[in-house]
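Input: a single structure, listed below in structure tokens.
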2 protein chains.
Amino acid sequence: MANLDQVFHSLSDGTRRAVIAQLASGPANIGDLARRHRMALPSFMKHIRVLEESEIIVSRKRGRVRTCELRAAALTAAQDWLAQERRVWETRLDQLDAFIETLALKETTHGEE
Amino acid sequence: MANLDQVFHSLSDGTRRAVIAQLASGPANIGDLARRHRMALPSFMKHIRVLEESEIIVSRKRGRVRTCELRAAALTAAQDWLAQERRVWETRLDQLDAFIETLALKETTHGEE
DNA sequence: GTGTTAGTTAGCCATATGGCTAACTTAGAT
DNA sequence: ATCTAAGTTAGCCATATGGCTAACTAACAC
């Protein structure tokens, strides 16, 4: 299962996010991907490996070309974590709102006494 | 504005994610936060600084205690990026489905000829 | 078979990361 | 005025990161 540390680490680099964006519109092989990022192949390969270890992409080699493909599951894990935290955060703010509302109400009541 | 590199980097560490989770249910001061993570204060402070530089939290000091609070905007930026990529990804899969559907239809038609 | 092409491996380098201790600075408490 | 508590700063250390070049391997093209 995708490890959040690795997934978020993968996402923390612009080159890797660009690769993800490209793969979202369909599989591609490493050469094509690398050409768009002015970077030596071995450097680029490190990014591919990071993405692969975090299970954001999978790749397989046929002949001498390796093609990469996006796996959505890891990204889903990241989204889920964020969504959950947002839920907690928003619930709290709602309760805070409600609390302030009751305070305001009381003051009005007092004011009318 | 929150920088995605920094935001995702912040999220790539379990300690920092735990801090975010705690702050989602309300502000807290650094001492309280640190106590839950068996870690020397200066080490913990580095995490706080990372979170602050990525604008995920803000903090201010009153007297000698510093209290931290979550800022949702940075997390929203991360969520938005993920959502956008998912949109591209899913659109493509839908089109792929549709394409396969038409293929299947054609075959059926041919079969009936 | 000789080249050429697509990846890969090995290894170098500078900087960043994530932990620590020790020593310092204030702010409150007595 | 002292003592204590909450942060902070400085600096050490091992490892990770993100880039590079050079040299190697394995396919495909002629």
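The sequence lines fix the lettering, A, B, ..., with proteins before strands; numbering per chain opens at 1.
Here D/dA5 presents its C1' atom at 13 Å from CG of B/Asp32, a figure rounded to the nearest Å. Atom pair B/Asn29:CG and C/dA27:C1' shows a separation of 14 Å (rounding to whole Å applied). Here the C1' atom of nucleotide C/dG7 and the CZ atom of A/Arg60 are 17 Å apart, to the nearest Å. Here C/dA6 presents its P atom at 9 Å from CG of A/Leu41, a figure rounded to the nearest Å. Nucleotide D/dC20 holds its P atom 14 Å from the CE atom of A/Met45, rounded to whole Å. The CZ atom of B/Arg38 sits 20 Å away from the C1' atom of C/dT21 (whole-angstrom rounding). Nucleotide C/dA16 holds its C1' atom 13 Å from the CG atom of A/Asp13, rounded to whole Å. Atom CD1 in B/Ile48 sits roughly 16 Å away from atom C1' in C/dT17 (whole-Å rounding).
Using a 4.0 Å heavy-atom cutoff across all strands shown, A/Arg62 reaches no nucleic acid atom at all.
Among C/dC20, D/dC20, D/dT9, the nucleotide with an atom closest to any side-chain atom of B/Lys46 is C/dC20. Checked against C/dG18, D/dG7, D/dC20, the side chain of B/Arg16 finds its nearest nucleotide in C/dG18. Here the side chain of A/His47 is nearest to one of D/dC20, C/dT21, D/dG18, namely D/dG18. Set against D/dT9, D/dC20, C/dG7, the side chain of A/Ile30 has C/dG7 as its closest nucleotide.
Taking 4.5 Å as the limit, some side-chain heavy atom of B/His47 sits within range of a side-chain heavy atom of B/Arg16.
Put simply, B/Ser43 has no side-chain N or O that comes within less than 4.0 Å of OP1 or OP2 on C/dG18. The shortest distance between the side-chain N/O atoms of A/Arg49 and the OP1/OP2 oxygens of C/dT9 is below 4.0 Å.
Contact of B/Arg64 with C/dT26 (side chain to base): no donor-acceptor pair of N or O atoms is detected under 3.5 Å.
DNA chain D is contacted by both A/Phe44 and A/His9; A/His9 maps to the nucleotide lying nearer its 5′ end (nearest heavy atom per residue).
For the atom pair B/Leu23 CG and A/Arg92 CZ, the distance stands at 9.0 Å (nearest 0.5 Å). The structure places CG of B/Asp13 at 11.5 Å from OG of A/Ser12, a figure rounded to the nearest 0.5 Å.
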Does the pair B/Glu69 and B/Ile57 meet the rule for a side-chain contact (heavy atoms from CB on, under 4.5 Å), with working shown? CA-CA 5 Å; B/Glu69 192 177 344; B/Ile57 70 172; over 6 Å; no
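Judged by the 6.0 Å and 45° rule, B/Arg87 forms no cation-pi pair with B/Trp89.
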